[in-house]
Amino acid sequence: TNSTSSCGGTDGSIVITNGNLVPGVQYGVYYSKNGGAQQGPFYYTAAAGTGTLTIPGLSAGNYTTVQVFHPTNSACAFTLSGTYTIIDPATPPAPTSATATPNPVCTGSTVQLNATTNQSGTITWAWTGPQSFTSAIQNPTRLITATNMAGNYFVTQTIRNCTSPPASVNLAVNVTPVIASASGTN
């Protein structure tokens, strides 16, 4: 089993070690991915002094019927048995929390949305919410102008192109009271 460095990535590889591979010689390769039709031929050069051949640029999947052949001598061909699996990295967990401050909030006020995580590395954030709200900031603010901005706000984190399940916070919105008139005496 090998893995890509990011979800949907194409940097996985299969490394073939065989004493019959001649260093510096270009070999042809066929393979099937996920039970599909045979793909190839692709041409790769055996590493100098090692007797290894690397099939690079592979995405996640199950590779079978890996056939290696010498382009000028068909007698120098072999098929690898078994399945070679390349996987994407694990999906990150949902953010550890999603909060809104203040909550409840009155119309005409600004709410602060916050997301926290226990993950490290480069993280891309994505918030969504009522009335087509979106933000790519970890801790965005939103001016609340109407009660229809109440509801669930969701946030995900994307790490190495792998997106987490969402965390959510339910925001309550109250109408700011309007004082119609006031009077006083001296």
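All values derive from a computational prediction rather than experimental measurement. Hydrogens, waters and symmetry mates are skipped; everything else that's a heavy atom, side chains included, is used.
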Residue pair [X] / [Y], side-chain donor-acceptor N/O under 3.5 Å:
X	Y	answer
T4	D88	yes
K33	T64	no
N62	T83	no

Under a 3.5 Å distance rule, please check whether [X] uses its side chain to pair with a backbone N or O of [Y] as donor and acceptor.
X	Y	value
T96	T116	yes
W127	Q138	yes
N18	N20	yes
Q157	P93	yes

Nearest non-hydrogen partners of [X] and [Y], listed with the distance:
X	Y	value
I159	P92	CD1-CB, 3.9 Å
N174	P104	ND2-CB, 3.6 Å
A47	P23	O-CB, 3.3 Å
P95	A167	O-CB, 3.6 Å
G40	Y30	C-CE2, 3.5 Å

Please answer: with hydrophobic residues joined when any side-chain heavy atoms are less than 4.5 Å apart, are [X] and [Y] in the same cluster?
X	Y	answer
F133	M149	yes
F69	V15	no
L53	F78	yes

May I ask you to test the [X]-[Y] pair for a side-chain heavy-atom distance under 4.5 Å?
X	Y	answer
I14	Y63	yes
V29	Y43	no
V68	L21	yes
I123	T117	yes
C7	R160	no
P89	S3	no
T156	W125	no
I16	I55	yes

Could you measure the distance from the [atom1] atom of [X] to the [atom2] atom of [Y]? Nearest 0.5 Å is fine.
X	Y	atom1	atom2	value
L113	S135	CG	OG	8.0 Å
Y44	S13	OH	OG	10.5 Å
N114	S97	CG	OG	8.0 Å
T65	Q39	OG1	CD	11.5 Å

Is there a side-chain contact (heavy atoms from CB on, under 4.5 Å) between T85 and I87? Walk through the geometry before answering.
CA-CA 6 Å; T85 302; I87 59 172; 3.8 Å; yes
Checking side chain to side chain donor-acceptor pair (under 3.5 Å) for the pair S5/D11: CA distance, chi angles, key distance, verdict?
CA-CA 7 Å; S5 63; D11 60 350; 2.4 Å; yes
Can you confirm whether or not the ring centre of F42 sits under 6.0 Å from the ring centre of Y31?
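Distance test on ring centres: under 6.0 Å, yes.
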List in chain and number order the residues that pass side chain to side chain donor-acceptor pair (under 3.5 Å) with T128, two or more places apart in sequence or in another chain; answer none if no residue qualifies.
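Not a single residue meets the side chain to side chain donor-acceptor pair (under 3.5 Å) criterion with T128.
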T176 vs T107, side chain to side chain donor-acceptor pair (under 3.5 Å): CA-CA, chis, key distance, verdict
CA-CA 5 Å; T176 300; T107 56; 3.3 Å; yes
Would you check, one step at a time, whether the test side-chain contact (heavy atoms from CB on, under 4.5 Å) holds for Y27 with H70?
CA-CA 5 Å; Y27 290 87; H70 189 284; 3.9 Å; yes
Give the C-alpha distance, both sets of side-chain angles, the deciding distance and a yes or no for side-chain contact (heavy atoms from CB on, under 4.5 Å) between L171 and V111.
CA-CA 9 Å; L171 178 66; V111 67; 3.9 Å; yes
Assess whether side chain to side chain donor-acceptor pair (under 3.5 Å) is satisfied between T17 and T52, documenting all intermediate values.
CA-CA 4 Å; T17 302; T52 61; 5.5 Å; no
In a table with atom names and distances, give each donor-acceptor pair under 3.5 Å that connects a side chain of residues 139-148 to protein atoms at least two apart or in another chain.
unit_1, atom_1, unit_2, atom_2, d
N139, OD1, A115, N, 2.9
R142, NH1, P130, O, 3.0
R142, NH1, Y153, OH, 2.8
R142, NH2, P130, O, 3.4

